[in-house]
Amino acid sequence: MSDIKRVDARNSFCPGPLMELIAAMKLAEIGDQLEVLSTDKGSANDIPEWINKVGHEIVECREEDGVYYIHVRKTK
Amino acid sequence: MKKIVIVGGGTGGTILANNLARRLSAELRSGEVRVTVLSASDKHMYQPGLLYVAFGRMSSQELYQDQASLLEPGIVFHVDPVKTFNLDNKQVETESGVSHDYDYLVICTGSRPNPESVPGLAEHANHVYTVEAAEKTLTALQQFEGGRVAIVTGVPHKCPMVPLELTFMMHDYFKDRGILDKVEFFYTYPIGRLHSLENVAKWAQTEFDRLGILYETLFNVKQVDGKNKQVHSEEGGVVDYDLLITVPPHNGMPVILENALGGGGWIPTNPNTLQMEGHENVFVLGDTTNIPISKAGSTAHYEAEALGENLAALVKLGTMVRTYDGKVFCFIEAGKDRATYASFDYQHPPQPQPPTQMIHWFKLAYNKLYWNSVRGLL
Ligand SMILES: Cc1cc2nc3c(=O)[nH]c(=O)nc-3n(C[C@H](O)[C@H](O)[C@H](O)COP(=O)(O)OP(=O)(O)OC[C@H]3O[C@@H](n4cnc5c(N)ncnc54)[C@H](O)[C@@H]3O)c2cc1C
């Protein structure tokens with residue numbers, strides 16, 4: 001299993017967590033795992049919606065002390 | 001002697017160098033400090049002006065000034081791009097083979113549009129991110145007689161307002177040409193709303209609905225089929241076009257990649273101190289950082305002010321005295337004669353106001369005042 005790449009998008013209004021993840025996905029290899037950190041509640045919905053629409057995989061979503069940890073795998 | 005080397009003479013590098021020259025004027029005169037700027041060009045381009053070149057409202061010649069004329073006396077300036085970063089030896093080497101030692105290094109080499117990274121995009125889409133591309137877009141807009149204009153945005157990109165600004169400005173441009181009734185706009189955006197900033201997205205949606213501009217979100221361009229005039233998205237969407245306009249995806253500069261300083265050409269950077277991760281005497285400014293913040297001139301400007309204060313304090317006191325708070329200020333052109341703005345930092349989202357003619361005039365004034373701003377006079 002590859003290392004988990006962390007995308008720290010806490011306190012990012014622009015470009016924001018989803019845009020950061022999209023940029024990081026472009027640099028990742030198929031099979032890579034990424035974990036986005038976000039303080040934006042909206043991205044807890046937006047990111048899974050995008051991941052599902054494109055066909056990547058959600059590994060885990062959790063919230064801890066106001067930070068959302070969204071762990072995904074690039075599948076294509 | 002303390003040596004500060006700044007790699008990149010664009011918005012961030014120039015503001016920083018001038019800021020340091022003022023804060024450390026006595027030390028520069030006495031020879032205790034040297035500030036050296038190494039850049040790739042003897043000209044400095046006002047990049048936001050490219051947007052106006054595409055609409056025939058500025059000429060490309062107006063975008064340039066001599067870089068040397070923008071720097072305070074006492075700053076050493078060489079047009080000699082850096083080729084190799086030897087961070088372990090505190091040294092950079094230039095393309096002409098000269099080595100520069102440093103005590104503090106600042107990397108601000110900017111970013112570059114990379115439409116070639118998406119199949120078909122460079123061949124079939126117009127953009128405004130280089131002089132040649134902006135002039136080609138002007139011709140395309142002038143020759144367009146009607147049909148569907150599709151706008152597609154790559155990730156990441158420089159200046160987050162350009163997708164909206166281009167759309168609003170094209171709307172007014174075709175209105176002035178009297179062909180608006182023959183033009184359909186189809187705006188796409190990579191995330192689930194019309195702009196990354198939620199409040200700007202809400203405002204834009206109201207404006208788009210009022211103007212009849214169509215849109216699709218969660219649309220990341222995968223390839224352009226120029227034969228059938230269609231754009232395909234990663235999400236499975238297909239959009240037809242007669243005229244394709246793009247805000248192309250960007251990368252950091254090749255020299256960053258070649259020296260393995262950061263994936264995609266973006267250098268891992270502490271968002272508050274602007275130090276490169278793992279190197280406490282190396283700092284990064286502007287587009288080149290991997291900070292999740294807008295790649296904008298105003299970001300580079302506010303970062304340069306914070307860093308100028310810290311580097312001067314490091315030289316004089318041996319310690320940093322402040323952090324960068326994530327401040328960004330961006331004008332947003334909402335057509336040919338109205339504009340608004342977004343001002344935000346790491347803690348506070350923007351609250352955009354309704355566009356006014358007054359703010360548009362401020363933006364036009366700023367197009368000239370930029371040169372005072374990089375000199376540090378504003
Ligand atoms: C169409 C358009 C519209 C824009 N609108 C706005 C706006 O409204 N508001 C806003 O805030 N921003 C806007 N921007 C963005 C803004 O221009 C950039 O974000 C800003 O210039 C970034 O500053 P920088 O110092 O990081 O890089 P740059 O200003 O791009 O400077 C990079 C410098 O590095 C030098 N360089 C490159 N390679 C090397 C090397 N190997 N060695 C040494 N030097 C090197 C280059 O010669 C250049 O001098 C716009 C940009 C465009 C293209």
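Each chain gets a letter, A, B and so on, in the order the sequences are listed, and its residues count up from 1. Just so it is clear, the values below take in all heavy atoms, side chains as well, and ignore hydrogens, waters and symmetry mates.
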- Task: May I ask you to name which of B:I291, B:V328, B:L218 has the most heavy-atom pairs under 4.5 Å with chain A?
- Result: B:L218

- Note on the structure: Applying side chain to side chain donor-acceptor pair (under 3.5 Å) to B:H301 and not counting sequence neighbours gives B:E305, B:S373

- chain B contacts, top residue of A:A9, A:P15, A:G16, A:A23 (heavy-atom pairs, under 4.5 Å): A:P15

- Query: Just wondering, are more than 12 heavy atoms of other shown residues or ligands nearer than 6.0 Å to CZ in B:F362?
  - Reply: no

- Only one of A:I47, A:L21, A:L18 passes side-chain contact (heavy atoms from CB on, under 4.5 Å) with B:I191; say which it is. A:L18

- Note on the structure: Paired with A:F13, the side-chain contact (heavy atoms from CB on, under 4.5 Å) test is passed by just one of B:V200, B:I293, B:L197, namely B:L197

Below 3.5 Å only, please: all the donor-acceptor pairs between chain B and chain A, one per line.
from   : atom 1 : to    : atom 2 : distance (Å)
B:V155 : O      : A:K26 : NZ     : 2.6
B:E235 : OE2    : A:W50 : NE1    : 2.6
B:P292 : O      : A:S12 : OG     : 2.7
B:S294 : N      : A:C14 : O      : 2.9
B:S294 : OG     : A:C14 : O      : 3.3

